[in-house]
Amino acid sequence: MDLFPTSDSPAKRVPELHQLLNHHNHLYYTQAEPEISDSDYDKLYRELEDLEKSNPDLLDPNSPTQRVGSVPNTAFTQVTHPVPMLSIDDVFELKDSDTPEAELIAFYKRLQKNLGRENIDVTLEPKIDGVAVTLFYENGSLKYAATRGDGTIGDDVTQNVRTIRNIPLTFTGDAPAILEVRGEIFMPNSAFATMNEERDEQGLPTFANPRNATAGTLKQLDSRIVATRPLAFLAHGLGAYDGPDLEAETDFHELLDRVSIPKNHPVRTAHNLEELLEGIKLYSTERHDLDHATDGVVIKVLDRNERETLGATARAPRWAAAFKFLPEQQETTLNAISIQVGRTGVLTPVAELTPVLISGSTVSRATLHNQDEITKKGIYIGAKVLVEKAGEIIPAIVKTIDPDPDAKTYSLFDAVEGKCPSCQAPITQEEGFVAWRCTNFECPAQAVTAITHFAARKALDIDSMGESVAEALVRHGHATSPLDLFSLTEETLANLNLGTEESPRRFGEKNAAKVISSLEAARSKPLNKWLFAMGIRHLGESAAKELARLHQTLTEIPTSPILAELVKDTRATAKKQNEFLVQYAITGDVGPSVAESILTFFQSEAGQHIISRFSELGLDPKSENYAPKPTDAPVLTFTGKTFVITGTLSESRDHFKAIIEQNGGKVSGSISKKTNYLLAGEAAGSKLDKAKSLGVTILDEPALAALLDEESPS
Ligand code: IVH
């Protein structure tokens, strides 16, 4: 096939370009063996784009040009699975047992009994820790892609799935009339790490782990965003099928290869129980070489007829099981405890360990959280400890082993002699809190986190100012507090070295310009954003808004009679206090402790210094919602209603928070008897349980929309 012919008619050339681009796409993304240069690929791509533009009737939704995403959905439509998407029964690796595989052996014995034979061929493959999807192809063209949902009905996520480069949108040759492939979408570990670094540098929130990132991405209604995230797919099963007979699992695997659908690997076959147990052992080490998270091994009966004989329960097939690995644990020695000082001044003890290899990576540090944890686990320096990687990500200390009865449990306060290890200011432990905290608002150890918080989207939204940039600014002595950002020149920023001396990495002109222009924009951001950005203790977003309602400018706040009254009022009679609250219509967001925290902040030396810096910089942020005595505030749909948001939703939580607030409601972080509604997305956990137990009304997105619809006057 000629790469660049000129004479063909568009109707002939377009399908030819599809085939060429698909072929090279597969070589690049699945085989990692490209045969043409990027620029040749781009030329073909542009040729197709041009032809599609001038011949709109030739534009296919499965064209290779459609992988960049398209107009956002308003909601996902539902798909009924032609064959239910079952789950798999877990069999667990047992701890402290002579036969950790006891449950697995029991599974194999059940197979033997049900099939009436000794040796049953089974396949083994990694259990991918991703999000299950199904791909439905009709005559070699992707018709839809859907999530598992409840197993019977899932969400149509076709637009999002089209952007995943290793999923073929079409295939040629002898395609089965219907081929439905089940598998997992995931984010490769390496791509996840890079993406998080980039997000951090852009000042965007980072994801906790690859699975969360994947689930959150697939929920996006805008597929153009999905197209920018490094998702990948691996197939592991068959759904609906109409084509030549597939007798064994291997026939299915050959079919996947023929149509270029990437399949899960490595797959092994075991012919008896012994081989099965050996195979499991191999995966327990091999899985760490894979570039994606796995949490076990899936075992399936090889023969498709035998699978039918075995059948399924309502929940899961009897011919498959998922062997789940225990989080790997290792013994090591705790040599020292270092103390980290966080943004709010909390002192976190971190164990320094003799390095050990756990789940494929070296662990030399583990968080000890706080003094309570240390006391509970009887931690002392020199102790032998058991370490595990919880959720395969964050190392944690499980317990001390054979503790020395004479050893003295570590005391954080004694170790630092009651002083912040960074600035030597006294540390305090507030009543009811386990954390020790530095009392100095200008403690340099808090600079990086303070700057990061200041620049975050919810605060002053400074472009490209993530943790690593803040860290470099502090490390090179360009900033010790957030307001120092306003004295930076574009040149200093452009030349900022984010790397090391050996391998420098410049921040660059483009990023520098972005920072400078968003700092300029920050000058006119409203008072509430500024107050939140300052990172004053107890001053969250809602309290900042409430403060801005009660004050016109920042300069009013340090001498605010309202705040003074609020602090005083804790000691006043309940009646007087109540009158005062009613007079200013003060909500629960600003109480005595917030008021006290703010006044203490501005009265401190550091706070005074900040006030004079504000005036030097010509800054005096203004309130955009000043209304100290709201009279006849309009009653909106959610006025007086408190919401809690949990689980994975189709948009960010902030998006829903904004909707609720626009309609007069409030959003709180935790469920109590006072909560009116829980907006629950997918994979909601303990909050959902708690809401149920308290009888709180639970809403999903459509129910929220319905409430607004029903009650809005229009
Ligand atoms: S086979 C009838 N193979 O794990 C179900 N599933 O916990 C057959 N999963 O819903 C599924 N890796 O989404 C299979 N190699 C693998 C898998 C795998 C991950 C997921 C799958 C399933 C869930 C059950």
Side-chain angles (χ1 to χ4, degrees), residues 79 81-93 103-104 107 111 122-136 145-155 157 161 164 167 180-189 209-211 214-215 218 231-241 246 248-250 252-253 256 261-270 276 279-280 282-284 286-287 290-304 306-325 391-392 648 682-683:
V79 172
H81 300 304
V83 176
M85 283 180 83
L86 296 180
S87 124
I88 324 181
D89 282 331
D90 287 333
V91 297
F92 288 97
E93 181 178 19
E103 291 194 2
L104 179 62
F107 165 72
L111 293 181
V122 292
T123 58
L124 286 75
E125 61 188 274
K127 182 167 194 300
I128 305 162
D129 196 11
V131 174
V133 289
T134 187
L135 311 178
F136 194 99
T147 60
R148 194 173 103 89
D150 63 4
T152 307
I153 296 174
D155 283 340
V157 287
V161 165
I164 300 173
I167 295 180
E180 190 193 9
V181 175
R182 267 91 193 257
E184 302 287 306
I185 292 182
F186 59 93
M187 210 174 269
N189 294 336
N209 57 49
R211 215 207 90 88
T214 305
L218 274 184
L231 297 179
F233 172 84
L234 288 175
H236 56 55
L238 182 66
Y241 179 72
L246 300 171
E249 193 69 7
T250 42
F252 171 55
H253 290 165
L256 291 177
I261 295 179
K263 59 182 194 294
N264 192 17
H265 57 88
V267 181
R268 292 199 165 83
T269 305
L276 170 59
I280 293 281
L282 290 175
Y283 283 104
S284 73
E286 222 171 58
R287 69 190 182 114
L290 298 171
D291 192 22
H292 55 258
T294 57
D295 55 354
V297 180
V298 178
I299 300 118
K300 301 173 189 168
V301 169
L302 181 74
D303 190 290
R304 291 192 165 265
E306 286 185 342
R307 289 187 189 181
E308 270 187 35
T309 312
L310 290 162
T313 66
R315 221 187 69 82
R318 289 196 194 86
W319 48 263
F323 181 77
K324 299 290 274 282
F325 290 117
E392 300 289 314
T648 313
E682 221 161 274

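All values reported here derive from a predicted model rather than from experimental measurement. Positions are given from 1, in the same order as the sequence printed here. All ligand and atom numbering here is 1-based and tracks the order in the structure.
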Asker: Going by heavy atoms in the side chains, are L310 and P317 under 4.5 Å from each other?
Answerer: no

Asker: Between D89 and R315, is the salt bridge (charged side-chain N to carboxylate O under 4.0 Å, His left out) condition met? List the steps.
Answerer: CA-CA 8 Å; D89 282 331; R315 221 187 69 82; 2.8 Å; yes

Asker: If we only consider heavy atoms of A316, is any one of them less than 4.0 Å away from an atom in ligand 1?
Answerer: no

Asker: Is A320 touching ligand 1 with its side chain, its backbone, both, or neither, if touching means heavy atoms under 4.0 Å apart?
Answerer: neither

Asker: Closer than 4.0 angstrom: is that true for some heavy atom of P317 and an atom of ligand 1?
Answerer: yes

Asker: Tell me: protein heavy atom nearest atom 19 (C) of ligand 1, and distance?
Answerer: I128 O, 3.3 Å

Asker: What atoms of ligand 1 come within less than 4.0 Å of a heavy atom belonging to E125?
Answerer: 3 (N), 15 (N), 16 (C)

Asker: Going by the order shown, which atoms of ligand 1 are within less than 4.0 Å of some heavy atom of A132?
Answerer: 13 (O)

Asker: Salt-bridge test for E249 and R307: reply yes if a basic N is under 4.0 Å from a carboxylate O, no otherwise.
Answerer: yes

Asker: Quick one, L104 and I299 - any side-chain contact, counting heavy atoms below 4.5 Å?
Answerer: yes

Asker: Considering only heavy atoms from C-beta outward, does the side chain of F233 approach that of I261 to under 4.5 Å?
Answerer: yes

Asker: Does Y283 reach the main-chain N or O of L124 with its side chain, forming a donor-acceptor pair under 3.5 Å?
Answerer: yes

Asker: Identify, for atom 22 (C) of ligand 1, the protein heavy atom at the shortest distance, and state residue, atom and that distance.
Answerer: I88 CG1, 4.2 Å

Asker: Going by distance only, is there an N or O of W319 that falls short of 3.5 Å from an N or O of ligand 1?
Answerer: no

Asker: Who's the nearest protein heavy-atom neighbour of atom 13 (O) of ligand 1, and how far?
Answerer: E184 OE2, 2.3 Å

Asker: For A146, does its backbone N or O pair with a side-chain atom of T134 as donor and acceptor, under 3.5 Å?
Answerer: no

Asker: Applying a heavy-atom cut-off of 4.0 Å, say which part of K127 lies close to ligand 1: side chain, backbone, both or neither.
Answerer: both

Asker: Using 30° and 60° as the class boundaries, would you call the ring planes of F186 and H292 parallel, tilted or perpendicular?
Answerer: tilted

Asker: Do the side chains of R148 and S87 get nearer than 4.5 Å, heavy atoms only?
Answerer: yes

Asker: Check each heavy atom of N264 against ligand 1 and say whether those closer than 4.0 Å belong to the side chain, the backbone, both or neither.
Answerer: side chain

Asker: Any N or O on V298 sitting closer than 3.5 Å to an N or O of ligand 1?
Answerer: no

Asker: What closest approach, in Å, do H81 and G154 show between heavy atoms, and which atom pair accounts for it?
Answerer: NE2-N, 3.6 Å

Asker: Note the single closest protein heavy atom to atom 10 (O) of ligand 1, along with its residue, its atom name and the distance in Å.
Answerer: L86 O, 3.8 Å

Asker: Measure the distance from atom 18 (C) of ligand 1 to every protein heavy atom, then report the residue, atom name and distance (to 0.1 Å) of the closest one.
Answerer: H236 NE2, 3.3 Å

Asker: Does only the side chain of K300 get under 4.0 Å from ligand 1, or the backbone, or both, or neither? Count heavy atoms.
Answerer: side chain

